[in-house]
Structures are given as C-alpha cells and as structure tokens.
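Below: one structure, written as structure tokens.
Quick note on labels: first sequence line is chain A, next is B, and so on, each numbered from 1. Side chains included, hydrogens not; waters and symmetry mates left out as well; all remaining heavy atoms used.
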Amino acid sequence: MSFPWAEHYTPKAPVMKWLDERLPLPRLVYGAVGAGYPVPRNLNYFWNFGVLAGVALMIQIVSGIVLGMHYAANELVAFGTTEHIMRDVNAGWAIRYAHANGASFFFIVVYLHIFRGLYYGSYKAPREMVWLLGLVIFLLMMATAFMGYVLPWGQMSYWGAKVITGLFGAIPVVGEPIQTWLLGGFAPGNAALNRFFSLHYLLPFVIAGVIILHIWALHIPGSNNPTGVDVKGPQDTVPFHPYYTAKDGFGLGVFLILFSILLFFAPNFLGHPDNYIEANPLSTPAHIVPEWYFWPFYAILRAFTFDFFFVPAKLLGVVAMFASILLLFFLPWLDNSPVRSGSYRPLFKKFFWFGLIPCVLILGYCGGAPAEEPYVMLSQLASAYYFAHFLIILPAIAYFEKPLPLPNSITEAVLAKHGAKNDTDSRGLTPGAVPAE
Amino acid sequence: MLRPALVAIGAFFTLMLLYSFGAGAVSYISEPPAATVEHEFHLPPKEVAFSFNGPLGHYDRQQLQRGFQVYKEVCSACHSLKFVSFRDLQQIGYNEAEVKAIAKQWAIKTPDVDPATGEMSTRDPVPADKFPKPFANNVAAAAANNNAIPPDLSLMTKARHHGSAYVYSLLTGYQPQPAELLKKFPDAATPPGLNYNPYFPNLNLAMAQPLVAEGQVTYTDGTKPTVDQMAQDIAAFLTWTAEPKLENRRSAGLAALVFLAIATGLAYAAYQNIWRDKKH
C-alpha cells in the first residue's frame, strides 16, 4: 500500500482470481499483513507486541463467547454459574482461567506495545493518528476489563464496581445522578450486572473495529523502526510475509508458553482471593483493590490527600487519574523533538529510564498496596514525576537536547551494526527482494 | 496555545502532589502511625508439606477421604459445602454404592416438597444433590453461632491467601491470648464469645476451636487421628473442594507445554531460516 515498490497481489489459483475480481478480500489481506506490506528490515522484538495484542483479543473473544453460553448475569446466580463453569462444564475451568489470565496477558502485551511506542517515538508525525487510535483501544480495553471483572459477582467484583462508579460521585452537583444512572440504582445490583454483561460482550467487537482503523492508519506511513529514520528505498524494507510472519510466529510461541505456565500452574496468581467470596453488600473487604493492570492509575487516584480551596481531594484524584491517561493524547504535540527514536536522544533516554519507568513501576506497586504510609507518600512522589515528565520535562527536553547523529538510512544502520560494507547476500539477491521459495 | 496550557496543568498537579507529599511526610514524622495489635500479633500461615504442593503435586486420595471424614463428623454441623455434590465424592475414590450410602445416611436432610401433600418437607439426599446446608438461612445460622455466620467452605482455600496452609494454621492456632499482648494493648482483650487465634486477620473469631482432641474422628485407614493430622486432612479436602480439577489442569498444562516447546522451537528455526540472508 504505502511504498511504490510494494508487491502487488496476483492470484495464482483460478478460484482466487475469480474471488479477487468480485470481492478483493485476498488482495486486502495480502496488502495488510501479507507480502504486499513492506516493513523496515530492522525491527526488534518490541515490534512483536502489536500482533500479540491482536492474538490476545482473539483469545478473549473466543473464550468469552463460550463462557457466555454458560453464564447468567443475575445477582442471585452469577457467582454460582461461574462455579458451575469451573466444575461441571467440559473444560470449563480451562476456558474460564484462559479468559481471566488472558485479560492480564492482553494488558501485559499492550503495555509493552505502548512502551515501544513511547521509547521509539512511534507517536510522532506522521503516525499521530495511529497513536490516538491506539489510546482509544486502550480506553476501551480498560472499560471492558473493568466490567468483565464485575461479572463473577465476587466480593471484589461488587466492591470494585462500587468504588469505581463512586468516582463519578465525586463530580460536584451532577456526580451522584451520574453514578445512579451508570449503575441503574444506588448500589451495584441486578441492573448494573446486566448492563455490564451486555456492554462487556459488545466492546470487544468495537475494539476489533478500532484495531482495523489503527492498522489502516499505520499502513499510510508504514511501520516505525528502532532508528526512527524514515524508509528511503526498497533496500530498507522486507515484505511482511514471510519475514515478519515468521518472526511473529516465534514470538507467539513464547507468548503462549508464558501464558500456559500461568494458566495451568498458577491460574489464581494474578487474581484476588476475595473474589472467591460471593458479593455481599453488607461486608466491606479490608482492602479494596482493582486488578493489577489498573494499579498505577489507582495509585494516582489515592495520591491526592489535600483539598485545593473548594476542590475536594477526592475530586482532584479523580481528575488526575483521568488526566494521567488523557494527557497521552497530547503527546505528539508535547514532545516536538524532530528525532523519533530514544536511542539517539541522550537526555530523553535518561529521563525515560531513570524517571518514567521507575515511577510507573512504583505507582503500580503502591496501587496494589493498602492506602497507608509509606505507600501514599511514594505514590505522591511518583505521580508528581509522572505529570512533570509528560507535561513539563518532555516539552523542555526538545529544546535543550542535542541528539546524536542519525544514520542516513535504515540499511546503513543495519550494515554498521554488522560491520559490513555492502548488502548483497550469499545468493547475490538484489536488496529488498523476496527470496524465491 | 495548547502547550502552555498543558504545561500549566502539569505544574499544578506536580505542585499539588509535592505539597501533599511534604505535608504527609511532616505528619508521618511528627506523629508516626500507632502500631496496631493486628500488625504486631498476626502471624502468616505455617508451612505445611501437602502432597499437592508444587507445580506437579497430586492429591492423596486417602488423605482426601480422611478429610471428608472430618468434614462429615465435625465441620458439617455448622458449615455448608454448597458447590459440592455427593456424587463428586467418586472423584476422591468412593465407589457408586458407597456414595449412595453416604448420601442416604447424611445427618442433615435435603429440603423438598412432599409429593403427596405439597407441604415443605425433607428427604434423604441422593448422589446428585449438593451437600445440604446445616442452617435453613443466615438468620438461623447467626442465631446459633453468637451472631457470626459460618461461611460456606466449598471455596474457602481459594478465598484466603495461601488457603490450604491458612485453614490448617487456623485450626491448629487456637491459644490463650499472650500476656505480652494484653500488656501492650490493654483494650484488645478477646471479647466474650470470641476466641483468640493469631492466624485470623483480626485475631479473634467467633468459631470455637473445632478440633480439640485426638480421636475426635474415627479414621478407617488406621491413620492416627491427632489434631494436627485431622487439621492437615481437612485442609487437603477443602483444597480439593475448591479446585477439584487441579490434577487435570496440571497434566493438561504439561502436555500443552511440551507441545508448545516443540512448536516454538520449529517456529524459531523457520524464523532463522527465512532471515538467514537478510542482515537485520
């Protein structure tokens, strides 16, 4: 699609020719994830996570549809039907554990995917739209995961729903009506459970739709790469298939091994024991914590302990929590250094590795800990840095930093890495060509 | 225009947070949070060597049957097991006839409607029934137990951190309140009707020590029913009720990992092969 030297689809089998003339679906796939999409040749393993996120979504959709066949969204029986799946449905335990841990793995790969984008400047021109759509996917994922966690109707389901919808209650005047409207009542109950199930079933397909837009937008400029330098010619790229399908195949294998270890040998490791207690509106758990993938944001929420004049601390926390995600939408315009890749940005790199990454990890840790000292103080420091990093430091770095010299092209960078002078391979193929099968 | 606004927002949040941190630090130093009695006297569960520990461990069927014996003779008087059916006992080594007999002779009867009169009545459980609940409802349960409701035990070992070891520690952890505790926290004396147990999160629970003496349960396999043994056995049994598919899960996992290791090896070889002439 994107580069003039992209391969064109030529159907071989007569049936494909017939189909291609009437509905060019094979052509679309070929151009999207086949040999028709030229990709920089130097992508490292961090570029595996986009495909893996797609796989994780498929795992969630397939396992989720099967769970939906056995589950009933009614506060009287929801907990029991979940146990029915675990005990009486054929391989029900495997499907449910795959779904629960699949959500965690979805977030793990998406966080690594976001990390890749942040470090290598994938959010910068001309890929802003890819970044923005990615953030929309992330928000949809968070909504889906939150509602999914409510469905088993355990103690954490119930109290998590209560606390999170209660955040809206912090908004002055309209807050409480909004909370009541969201829940369909004053507290989580049947109305909330039913609508959460309905939306939880809907949103993954919305996510799939936004993923199509995300990939579409990606194919206009093509993929970024670890040097951040633009593709200059055919020698800089390889066709997605077979080169990156093969590499992604290997990445998928590693992903599935790690996933299986958790699913089959420690399926409750990332869960909370309280969710094996049926929801009980009369008994508040000692510590209400969301799932681990929300911990950094939960820590920011709880870091605000002082009112600002007439604005209560709770409201500040809520605003800051949403702001911590929404600010990422402005990132392409906050960081206007012309250099994309962090590898060539000495100052950026320092703040990234010694500032942002430790802060996010600290926030994650504190978000899962009880709201006591020293965790609150730690979250306050880490959140302060988080906001400063994106909203103050990043714009400032662009002015002060003197980037390292960039390679002239991707191929030059690759050859320099290998200490080679020219690019002809052992079979004397022209650069950028697909080897004959 | 946008950038200055964003920088200002960033500065606001950062300053607010640094101020909160400073204020929090000052009050933390000037009046450090008081130590709580739970903080000082709560104990983590004891280490127990269960046969199912570790990634490849299995249930010990004999032990599960002994644990069932403990449930039947002691715990079932107060605790339900609402997600487990009598016929599930076949998975721990009872045969069909034995299960039928266990169900028929169960001390608590299954509520039902009298087929002749339509009145509420009870009948002997059959293997397809779940274990009948000891109390008709929560009000009755609380009334009989000093206002505390004995929780259902089906999922108990998954509903607590380190559940199997926790149940064992709780059952063997009853003891008089340490004198040191009362000296340090004079207000923390165990209230009447509750029992001191350092493994329970808030140290005092409504359940009186259920396993008190050797021989409280008669074991048919010749194992000596010490309190420690009974506690281990019931903890193992409750691990099975919470995770009956544990063994299937682990063997399926082993097969999956062997398959995936081979497939991933092949995928790696294919990856190297396809890229062998392409510097990257």
Side-chain angles (χ1 to χ4, degrees), chain A residues 41-42 80 83 86-87 93-94 97 238 242-243 246-247 249-250 252-254 256-257 260-261 263-265 267-268 273-274 276-277 286 303-306 308 316 320 323 327 330 333-334 372-374 376-377 380-381 383-384 387-388 390-392 395 414-415 418 420 423 425-427 429 435, chain B residues 2-3 6-21 23-25 28 32-33 55 82-84 88 151-152 154-156 158-161 163 201 242-245 248-250 252-254 256-257 260-261 263-268 270-271 273-280:
Chain A
R41 61 194 283 183
N42 60 335
E83 271 313 304
M86 294 296 286
R87 290 158 195 269
W93 58 268
Y97 279 150
V238 292
Y243 286 94
K247 191 170 181 175
F250 170 57
L252 176 62
V254 175
L256 289 177
I257 287 177
S260 300
I261 289 176
L263 192 171
F264 291 109
F265 296 100
N268 294 309
D274 279 18
Y276 281 109
I277 306 171
F304 287 81
T305 47
F306 278 89
F308 181 72
L316 277 178
L327 63 82
F330 297 96
W333 299 278
L334 281 166
E372 290 165 3
E373 298 301 359
V376 176
M377 291 194 306
Q380 285 162 339
L381 280 185
S383 322
F387 286 105
F390 284 110
L391 296 170
I392 301 170
V414 169
L415 294 182
H418 289 272
D423 194 26
D425 61 31
S426 59
R427 288 168 296 175
L429 284 168
Chain B
L2 182 65
R3 252 125 87 49
L6 289 169
V7 172
I9 293 173
F12 171 73
F13 280 139
T14 307
L15 292 176
M16 233 6 242
L17 283 159
L18 288 177
Y19 174 74
S20 307
F21 168 75
Y28 186 70
K82 65 178 174 187
F83 293 118
V84 186
D88 292 337
D152 184 82
S154 317
L155 287 165
M156 184 52 72
K158 286 206 289 196
R160 299 289 181 275
H161 287 283
E243 190 75 355
K245 299 294 198 294
N248 311 33
R249 170 157 69 67
R250 288 176 177 171
L254 215 53
L257 283 182
L260 285 171
T264 308
L266 290 174
Y268 185 72
Y271 161 47
N273 186 37
I274 285 167
W275 282 83
R276 80 183 166 260
D277 285 325
K278 194 96 219 156
K279 295 192 184 75
H280 60 287

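- The line from CE of M16(B) to CZ of F21(B) is 15.0 Å long, rounded to the nearest 0.5 Å.
- Of the atoms belonging to L263(A), it is backbone heavy atoms, and not side-chain ones, that fall under 4.5 Å from chain B.
- Here the side chains of L257(B) and F265(A) are in contact, with some heavy-atom distance below 4.5 Å.
- Counting heavy atoms from C-beta outward, R160(B) and I277(A) have side chains that approach closer than 4.5 Å.
- Annotation: side chain to side chain contact (heavy atoms under 4.5 Å, CB included) contacts of K158(B) (sequence neighbours excluded): M86(A), Y97(A), N268(A), Y276(A), L155(B), A242(B), E243(B).
- Contacts between P55(B) and chain A at a heavy-atom distance below 4.5 Å involve backbone atoms as well as side-chain atoms.
- Of the two parts of Y28(B), only the side chain, counted from C-beta on, holds a non-hydrogen atom closer than 4.5 Å to a non-hydrogen atom of chain A.
- Comparing A388(A), P374(A), P267(A) by how many heavy-atom pairs each has under 4.5 Å with chain B, the most go to P267(A).
- By number of non-hydrogen pairs under 4.5 angstrom with chain A, the leading residue of I9(B), L2(B), T14(B) is T14(B).
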Do Y271(B) and Y243(A) pass the ring pair (Phe, Tyr, Trp, His ring centres under 6.0 Å) test, and can you show the C-alpha distance, the side-chain angles, and the key distance before you say yes or no? CA-CA 7 Å; Y271(B) 161 47; Y243(A) 286 94; 9.7 Å; no
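- For A256(B), the part sitting under 4.5 Å from any heavy atom of chain A is the side chain, from C-beta outward, and nothing else.
- Judged as a salt bridge (Lys or Arg N to Asp or Glu O under 4.0 Å), and not counting sequence neighbours, K245(B) has no contacts.
- Between F13(B) and L18(B) the shortest side-chain heavy-atom distance does not fall below 4.5 Å.
- Heavy-atom pairs under 4.5 Å with chain B were tallied for S260(A), G249(A), A323(A), A320(A); the largest tally goes to A320(A).
- The aromatic rings of H280(B) and W275(B) sit tilted relative to each other, their planes meeting at an angle between 30° and 60°.
- Comparing W333(A), F304(A), F390(A) by how many heavy-atom pairs each has under 4.5 Å with chain B, the most go to F304(A).
- For chain A, no part of N273(B) is nearby; none of its heavy atoms comes within less than 4.5 Å.
- The most heavy-atom pairs under 4.5 Å with chain B, out of I257(A), T305(A), N42(A), come from I257(A).
- Of the two parts of A94(A), neither the backbone nor the side chain holds a non-hydrogen atom closer than 4.5 Å to a non-hydrogen atom of chain B.
- Between chain A and the residues S20(B), G10(B), P151(B), the most heavy-atom pairs under 4.5 angstrom are made by S20(B).
- Within the 4.5 angstrom heavy-atom criterion, no atom of A286(A) approaches chain B.
- Judged purely by distance below 3.5 Å, without hydrogens or angles, the side chains of E83(A) and S154(B) never pair a donor atom with an acceptor atom.
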